[in-house]
Amino acid sequence: MTSKKNQSPFRAGFVAIVGRPNVGKSTLLNRVLGEHVAIVTPRPQTTRTRILGIWNGKGAQIAFFDTPGLHRAKGPLNRRMVEVALTTLDEVDAVLMLVEAGTGPEGRVEVGESTRWAIEEVRRRGRPAILGISKMDRAPRATLLPVIDAYKDLHAWTEIVPFSGLTGENVDRLLDILASHLPEAEAPLFPPDQLTDQAERALAAEYVREQVMLQTRQEIPYSVAVDVEEFDEAERRDRGGLVRISALVLVERESQKAIVIGKGGAMLKKIGTRARENLERLLGCKVFLSLTVKVEERWSERATALKRLGL
Ligand SMILES: Nc1nc2c(ncn2[C@@H]2O[C@H](COP(=O)(O)OP(=O)(O)OP(=O)(O)O)[C@@H](O)[C@H]2O)c(=O)[nH]1
Ligand SMILES: [Mg+2]
């Protein structure tokens with residue numbers, strides 16, 4: 001067993017993480033990377049762009065694309081999000097489609113119309129597709145089998161793997177399986193120290209948007225965009241120092257602006273404090289974060305605004 005022939009070959013390639021909104025795509029990516037590169041909230045349609053995250057394992061490198069949730073989109077922003085997810089399906093070596101494990105009592109599992117549509121989109125691409133059953137931590141064991149039963153014949157899945165992005169259960173197994181379906185490669189696709197394609201400036205905008213989505217209700221989370229105007233590293237040092245960040249929090253109506261600012265500025269202060277704390281952890285230095293709320297009517301419907309915001 002000493003000949004090189006018997007060693008498994010190095011494998012590298014792209015994997016798209018797709019699925020309905022809120023199934024845990026971004027949570028899985030963050031778990032795999034050990035960093036918060038994709039924002040996570042309890043609300044559907046949190047992720048708006050595709051996010052590259054690179055995992056390096058023994059004998060393999062997987063370049064993941066986290067994508068916006070697949071749904072029947074209304075409005076230009078949502079249509080754009082779905083388009084990004086569908087285009088990504090064309091550009092990868094393998095697909096990881098996620099569906100949620102149930103929490104309810106044992107029994108029949110109904111697969112919704114939208115999920116069937118999403119599976120059909122995956123099927124049409126003809127790429128190897130692994131079905132990940134997410135959130136297994138909150139599913140009683142007995143409920144997993146009916147879920148697997150409901151999905152197993154809907155597509156010729158390469159494998160079906162229950163896992164939890166929250167606890168990490170079965171994630172190593174999922175990674176091994178995904179790696180085994182990637183092409184053999186002479187070398188990694190990305191330098192081993194590269195984690196993501198997200199610039200710190202883009203992450204800053206996302207961390208602020210995450211806090212707005214977490215702290216506010218109703219339509220606000222879907223009407224907000226964040227535009228970083230200044231990311232000043234002049235006072236940043238090798239280890240430590242200070243980064244000054246100014247960002248615009250865009251909303252679509254005056255009434256929304258009032259909600260985001262809150263009574264006496266309390267809401268904006270809370271959003272700013274939480275986002276700053278998370279940014280300080282990410283950047284490893286002090287952060288001075290200044291937020292301004294601005295009304296930009298119907299930004300989510302205007303192509304120019306979407307483009308400017310990188311959407
Ligand atoms: N219990 C449990 N909750 C999870 C798990 N993974 C994600 N969640 C929760 O599910 C919600 C949605 O998670 P996300 O990771 O944002 O889901 P997503 O698929 O990226 O959602 P979109 O970006 O909106 O498409 C959040 O409240 C997560 O905390 C898991 O493994 N177990
Ligand atoms: Mg997401």
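Along the sequence shown, residues are numbered consecutively beginning with 1. Remember, it's a predicted structure, so these values are computed and weren't measured experimentally. First listed ligand is number 1; within each ligand, the first listed atom is number 1.
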task: Report yes or no: does T46 have an N/O/S atom closer than 2.8 Å to the Mg ion (ligand 2)?
output: no
task: For the Mg ion (ligand 2), decide whether N22 has an N, O or S atom at a distance under 2.8 Å.
output: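 Under 2.8 Å: N22 has no N, O or S contact with the Mg ion (ligand 2).
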[X] side chain to [Y] backbone, donor-acceptor under 3.5 Å:
{"X": "R31", "Y": "G165", "answer": "yes"}
{"X": "W117", "Y": "H71", "answer": "no"}
{"X": "N30", "Y": "V37", "answer": "yes"}
{"X": "D66", "Y": "I51", "answer": "no"}
{"X": "R244", "Y": "F231", "answer": "no"}

- prompt: Parallel under 30°, tilted from 30 to 60°, perpendicular over 60°: which one fits the rings of F190 and F14?
  reply: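 Perpendicular: the ring planes of F190 and F14 meet at over 60°.
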message: With a 4.0 Å heavy-atom cut-off, what residues sit around ligand 1?
response: P21, N22, V23, G24, K25, S26, T27, V40, T41, P42, R43, P44, Q45, T46, T47, G69, K135, D137, R138, S164, G165, L166
message: Applying the side-chain contact (heavy atoms from CB on, under 4.5 Å) criterion to E296, which one of E252, R302, R253 satisfies it?
response: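 So, applying the side-chain contact (heavy atoms from CB on, under 4.5 Å) to E296 and each of E252, R302, R253, only R302 qualifies.
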